[in-house]
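First comes the structure, then the notes that go with it.
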Amino acid sequence: MLRGLSLLRSCAILVVSVAIAGCGGGGGGSGGATQPENRIDVAVAGLPVGASPAITITDPDGKVVGSLTNAGPAFVTGPGTFTVTADPVVAGSVTYIATVVPGTINVPAPPSIAMVTATYALAPPLKLRFSRVASGLASPTFLASPPGSADIYVVEQPGRIRKLVGGVPQTPLLDISTRVSYAGERGMLSLAFAPQFAGNGNVFVYFTDADGDIAIERFTFPVSGVPPSISPESTAVRVLTIPHRTFANHNGGQLQFGLDGMLYIGTGDGGGGGGSADATR
């Protein structure tokens, strides 16, 4: 439902307008009067031709009642406060953003119609800057934080893992440098905290072993509030070995737990001159 609004093809200030109007009770069919209903109509402006918006409407219970990729109505079942959000839209190499103001709509008892107009505009340029967070590390290759924690752990290629406290590297929490083949692209390359790390302290580490093969091992780190009874080095359990000793390059190195709880491993392709891109297992 769009009255007096033309499609904007150029950048515009982000604007959202909401209007609520009464609606008649409606006539009845052969079975009697129709059930009164509420409706939220969405109009979209500011996107280039062919680009689809990404607008979501949720009811007071958090249930999605409308997920719109074009302008149109979203039917609701009752009165209440509904939330409207508009995600960024990528068209070609350009990003458009929209602001929904207000982000909530109070819909009265049916029958009624609420109208939302979302105007998109070009996203402002992305500005990045570098800042030093730590120094004194030996060939850092990866950093990560445990789930739900702001603690930072850094992997050093020679075979050590250190925790940063106020930007200062602490004594290595794990040091298996005597078992790591460290040269060129070889060494300790990454770690991944188990999703249940806060309870079990399990950490998975990716490195090239003394023979040059890719190794994935699990270690147990001390968890918060529990003093370590044994060193993490003594908890090592080999999870996977991938033969890779022929060539020293293309060892992969990425470890990451997915949303499915599975551990994903970015491995090398075998190395050598003219090798293809690394793979994922």
Are the side chain of T119 and the backbone N or O of A98 linked by a donor-acceptor pair below 3.5 Å?
-> no
Can you tell if the side chain of E185 reaches within under 4.5 Å of the side chain of Q157, non-hydrogen atoms only?
-> no
Y153 vs F221 aromatic rings, parallel, tilted or perpendicular, using cut-offs 30° and 60°?
-> tilted
Main-chain N/O of I161 paired with D175 side-chain donor or acceptor, under 3.5 Å = no
Drop me the distance from T85's OG1 to D87's CG, to the nearest 0.5 angstrom.
-> 5.5 Å
Side chain to side chain, V107 and S112, heavy atoms closer than 4.5 Å | yes
Counting N and O atoms only, with roles assigned by atom type, does the side chain of E156 sit under 3.5 Å from a partner on the main chain of A138, one being a donor and the other an acceptor?
-> yes
Please confirm whether the backbone N or O of H250 pairs with a side-chain atom of H244, one donor and one acceptor, at under 3.5 Å?
-> yes
S135-R132 side chain donor-acceptor pair, cut-off 3.5 Å | no
Spell out, as yes or no, whether a donor-acceptor pair under 3.5 Å connects the side chain of T235 to the backbone of F219.
-> no
Distance-minimising heavy-atom pair for S234 and S231 = OG-O, 2.7 Å
Can you list the residues that meet the side-chain contact (heavy atoms from CB on, under 4.5 Å) rule with A74, with sequence neighbours excluded?
-> I57
Quick one: closest heavy-atom pair of Y120 and A86, and the distance?
-> OH-CB, 3.8 Å
Just wondering, do V180 and P158 contact through their side chains at under 4.5 Å, heavy atoms?
-> no
I would like to know whether I55 and V84 meet side-chain contact (heavy atoms from CB on, under 4.5 Å); could you show each step before the answer?
-> CA-CA 7 Å; I55 299 172; V84 183; 4.0 Å; yes
is_close_aromatic(F257, F204), centroid dist under 6.0 Å = yes
Output yes when R238 and D209 qualify as a salt bridge under the 4.0 Å nitrogen-oxygen rule, no when they do not.
-> yes
In this structure, CD of E233 is separated from OG of S177 (nearest 0.5 Å) by 9.0 Å
Do I242 and D213 come within less than 4.5 Å of each other through their side chains, counting heavy atoms only?
-> no
At their closest point, which heavy atom of A144 faces which heavy atom of L191, and how far apart are they?
-> CB-CD1, 3.9 Å
Value rounded to 0.5 Å, distance of CG in N202 from CG in L263 = 11.5 Å
Any donor and acceptor pair, going by atom type alone, linking the side chain of S190 with main-chain N or O of L255 inside 3.5 Å?
-> yes
Pair S139-Y182, side-chain donor/acceptor within less than 3.5 Å | yes
Taking T95 for its side chain and A123 for its backbone only, find out whether a donor-acceptor pair lies under 3.5 Å.
-> no
Within-4.5 Å side-chain heavy-atom neighbours: F193 and S145 | no
Rounded to the nearest 0.5 Å, what separation is found between the CZ atom of R39 and the CE atom of M115?
-> 10.5 Å
side-chain contact (heavy atoms from CB on, under 4.5 Å), paired with F207, selected from L189, V155, I214, I176 | I176
Shortest non-hydrogen contact from V90 to G92?
-> CG1-O, 3.5 Å
Looking only at non-hydrogen atoms, find the nearest pair between A236 and R179 and report the distance.
-> CB-NH2, 3.9 Å
Heavy atoms, side chains only, cut-off 4.5 Å: are P222 and P232 in contact?
-> yes
Does V65 reach the side chain of F82, with side-chain heavy atoms less than 4.5 Å apart?
-> yes
Between A91 and Y96 the two heavy atoms that sit nearest each other are CB-CE1, 4.0 Å
Any donor-acceptor N/O pair, R162 side chain to Q170 backbone, under 3.5 Å | yes
Ignoring hydrogens and geometry, is there a side-chain-to-backbone donor-acceptor pair from S149 to P146 under 3.5 Å?
-> no
Ionic contact status for D151 with K163, cut-off 4.0 Å = yes
So, do V203 and T220 sit near enough that their side-chain heavy atoms are less than 4.5 Å apart?
-> no
Going hydrophobic residue to hydrophobic residue with side-chain gaps under 4.5 angstrom, can you get from L47 over to V116?
-> yes
